[in-house]
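Shown next, in structure tokens, is the structure this report addresses.
Letters A, B, ... are given to chains in the order of the sequence lines, protein chains preceding strands, and every chain is numbered from 1. Note that the structure is predicted; figures quoted are calculated from it, not measured.
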Amino acid sequence: MSTPDNHSPPGAEAHGDENAARAEAEAQWRAAFEAAPVRDGTFETMSGVPVAAVHGDPPYPGQYPYTRGIYPSMYRSRLWTMRLFAGMGTAADTNRRFKKLLEAGGTGLSTAFDMPTLMGRDSDDPWAVGEVGRAGVAVDTVADVEDLFAGIDLGDVSTSMTINGPANILMAMYIVTGERGGTERGRLSGTIQNDILKEYQAQKEYIFPPRPSVRLVTDLIAFTTAEMPRWHPTSISGYHIREAGSTAAQELAFTLANGFAYVEAAMAAGLDIDDFAGRLSFFFNSHIDFFEEIGKYRAARRIWAHWMRDRYGAKQERSLQLRFHTQTAGVSLTAQQPEVNIARVATQALAAVLGGTQSLHTDSYDEALALPTEQAARIALRTQQVIAHETGAANVADPLGGSAYVEWMTDEMERRATEVFDHLDKLGEGSILEGVYEGIANGYFVGEIADSAYRFEREVNAGRRIIVGVNAHTESDDSDTPTLRIDEDVEDLQLARLAEVKQRRDSGAVVVALEKLAADAADPTINLMEPIIECVRVEATEGEIVNALEGVFGTYTEPAVV
Amino acid sequence: MSDPAGGAAGPDAERDPQHTQPVRVVLAKLGLDGHDRGLKVVARMLRDAGLEVIYLGLRQTAESILLAVEQEDADVIGLSIHNGGHLTLAPRMVRAVRAAGLDTPVVVGGIVPELDLERLQTAGVFAVLGPGASATEVAHTVRAAAAGHP
């Protein structure tokens with residue numbers, strides 16, 4: 001069968017039931033497909049051959065368990081969101097980069113914060129020296145977030161904020177920025193990463209211990225569920241797990257396990273699964289092993305659908321559908337012959353599209369050297385545009401579905417992930433959430449990831465795994481790659497900005513708001529979002545809010561184990 | 001990709017010219033940066049190469065690293081920096097070592113743009129190991145640092 005359109009099955013009489021089921025799946029698919037919008041595009045090959053939207057066997061895209069995609073029409077209705085991550089220097093610097101990306105045809109904003117901001121420290125904190133504005137934009141107070149989005153209509157863009165430990169604080173700053181600019185919270189659209197579990201496992205940007213941190217995550221989920229229907233309150237992220245060295249199967253397994261953990265935590269906090277599950281989203285890596293990646297995305301959708309329906313009792317279709325953002329693998333970029341990275345990124349981006357991603361960030365070729373230059377970021381965006389408009393890959397949903405190899409790979413990824421779920425389920429005595437806490441406490445996740453990272457490194461060192469330009473084909477003309485320089489005066493500018501806000505604000509009101517927050521934090525039944533929003537409104541700094549919470553929650557230090 | 005930037009002879013050159021004792025290296029992340037994949041891989045590489053690794057891990061200060069160097073009688077300090085803070089953090093470490101009256105060499109690993117190598121060298125950093133440095137290069141550089149010559 002080439003399309004659901006012209007299907008005429010052989011042996012119809014011998015397989016009457018099967019054929020009836022198939023006909024029903026087709027009819028359902030067709031009805032859903034016809035109800036979906038169609039984007040502007042030419043759905044035929046370069047040679048003028050018209051192509052149907054779906055090929056192969058049911059279940060079709062948009063049908064449970066969504067292995068083939070969550071929408072019946074996939075990119076025929078709407079291309080993925082081309083979302084490029086940006087952030088450096090002061091808020092005003094990043095604001096200029098945002099506007100350039102929007103002008104160049106980017107369709108969503110994505111904010112990278114500097115290390116002190118990610119760790120809940122103000123720019124004038126002794127720990128922040130040397131790191132202000134270096135690897136992302138520096139944010140201390142709501143005034144910085146106002147600068148960051150100056151001249152951009154927050155009701156009109158979708159914004160992604162990559163922040164975890166202090167996610168509630170940055171969410172509050174975005175909400176207050178909206179308020180001050182006339183966009184009420186219910187109209188704000190976007191995603192906040194707010195995935196703390198992977199921080200203990202991989203990225204290591206934690207502040208408080210795991211349990212109070214998960215309370216903050218569920219507070220944010222509960223708050224947006226009630227107040228912000230267009231917001232995705234968490235982006236459950238495998239990206240960092242993979243970058244830290246895991247295999248594809250470990251990335252899949254740990255990420256989905258973290259997703260199950262948040263579902264259990266939110267349900268334990270009294271939320272109805274169908275009220276919040278549809279707003280959860282995921283974030284995966286796209287590494288260089290093309291078919292393994294595609295199998296990983298397909299398996300992720302299938303596993304999520306099964307677990308949400310069968311284990312957690314979700315009923316609405318949206319609750320069963322795994323939506324995800326993808327970023328190409330930063331760790332696969334090489335400092336040697338950096339232009340070759342353009343080919344790596346294109347391959348990885350294509351895998352994400354063939355795997356059915358909802359949004360995509362393509363890395364810039366110079367990112368093994370420094371933060372990307374504007375020129376490099378533009379090539380990265382253009383790479384997605386080539387895939388979208390020239391290759392024809394966006395004309396058909398799940399074009400690799402039915403390939404014996406891809407179907408086998410999908411099954412294999414699921415099988416390997418299931419072994420991890422069984423282990424965590426046992427560790428947590430029937431609770432994945434407790435299993436994940438235990439796996440953090442006993443070093444399971446960090447140990448597994450470090451083992452995989454070292455195995456890979458040894459393979460590269462021994463020449464068993466070829467990386468072009470690194471351990472093979474190393475001859476090059478060593479052309480200089482221009483790299484981005486962060487102004488050395490960023491730190492001074494930011495310190496002046498912070499001092500100005502501290503001087504103009506009503507410090508009595510700040511003290512009152514912070515004391516109220518600390519008191520509320522001591523009562524686990526209180527949702528901390530409104531008290532945090534109040535702190536932000538009176539221009540308490542991020543560091544002050546974190547300190548107030550640390551007084552109640554304590555801090556987390558990782559045992560130093562190799 | 002190694003760029004040994006030269007360096008003063010360490011005390012070990014006199015104390016243990018034959019390297020009868022394994023070289024002892026303290027490995028740490030200085031500052032807030034949490035990217036520890038590289039540091040962990042390097043720790044295992046160096047152990048496999050027969051060096052003694054004192055792994056401090058994340059969120060160390062120049063003071064906490066110095067304390068470990070003194071307590072563990074370490075020959076070399078290995079710093080991992082991936083977030084662009086190298087021009088501040090690495091010289092700060094070197095100054096702290098010298099202020100304590102030591103000359104333990106500091107080796108930096110991570111993402112350091114070529115333009116900054118000279119500044120790190122001037123600041124007294126012994127060597128910078130960039131992405132793609134092989135296990136052999138890493139062990140060689142740390143041993144050379146311990147022996148006090150590039």
side-chain contact (heavy atoms from CB on, under 4.5 Å) evaluation trace for B:Y55 with A:V561: CA-CA 7 Å; B:Y55 183 81; A:V561 182; over 6 Å; no

Chain A heavy atoms under 4.5 Å from [X]: which part of the residue, side chain, backbone, both or neither?
X: B:L56; value: backbone
X: B:L87; value: side chain
X: B:L115; value: side chain

Taking atom [atom1] of [X] and atom [atom2] of [Y], what is their separation to the nearest 0.5 Å?
X: B:D33; Y: A:R134; atom1: CG; atom2: CZ; answer: 13.5 Å
X: A:E558; Y: B:R59; atom1: CD; atom2: CZ; answer: 8.5 Å
X: B:I111; Y: A:L371; atom1: CD1; atom2: CG; answer: 9.5 Å

Would a 4.5 Å heavy-atom cut-off, applied to side chains only, mark [X] and [Y] as touching?
X: B:S134; Y: A:N461; value: yes
X: B:L89; Y: A:E131; value: yes
X: B:R47; Y: A:V562; value: yes

Looking at B:K40 and A:D451, does any basic side-chain N land under 4.0 Å from a carboxylate oxygen? no

Thinking salt bridges, do A:R458 and B:D48 make one under a 4.0 Å N-O criterion? yes

So, for [X] and [Y], which heavy atoms are closest and what is the spacing to 0.1 Å?
X: A:V129; Y: B:T88; result: CG1-CG2, 4.0 Å
X: A:P116; Y: B:L32; result: CA-CD1, 3.6 Å
X: B:R37; Y: A:F456; result: NH2-CD2, 3.9 Å
X: B:R44; Y: A:A450; result: NH2-CB, 3.5 Å

Would one find more than 12 heavy atoms of other residues, nucleotides or ligands at under 6.0 Å from atom CD of B:E118? no

Checking heavy atoms, do the side chain of [X], its backbone, both or neither come under 4.5 Å from chain B?
X: A:M115; value: both
X: A:E243; value: backbone
X: A:P559; value: neither
X: A:A368; value: backbone

Best-contacting candidate, A:A370, A:P126, A:A135, against chain B by heavy atom pairs under 4.5 angstrom: A:A135

Most contacts with chain B, counted as non-hydrogen pairs under 4.5 angstrom, among A:I467, A:L369, A:V470: A:L369

Taking every non-hydrogen pair under 4.5 Å, which of B:A43, B:G57, B:G34 racks up the most with chain A? B:G34

Can any side-chain N or O of A:Q336 pair as donor or acceptor with the backbone N or O of B:P131 at less than 3.5 Å? yes

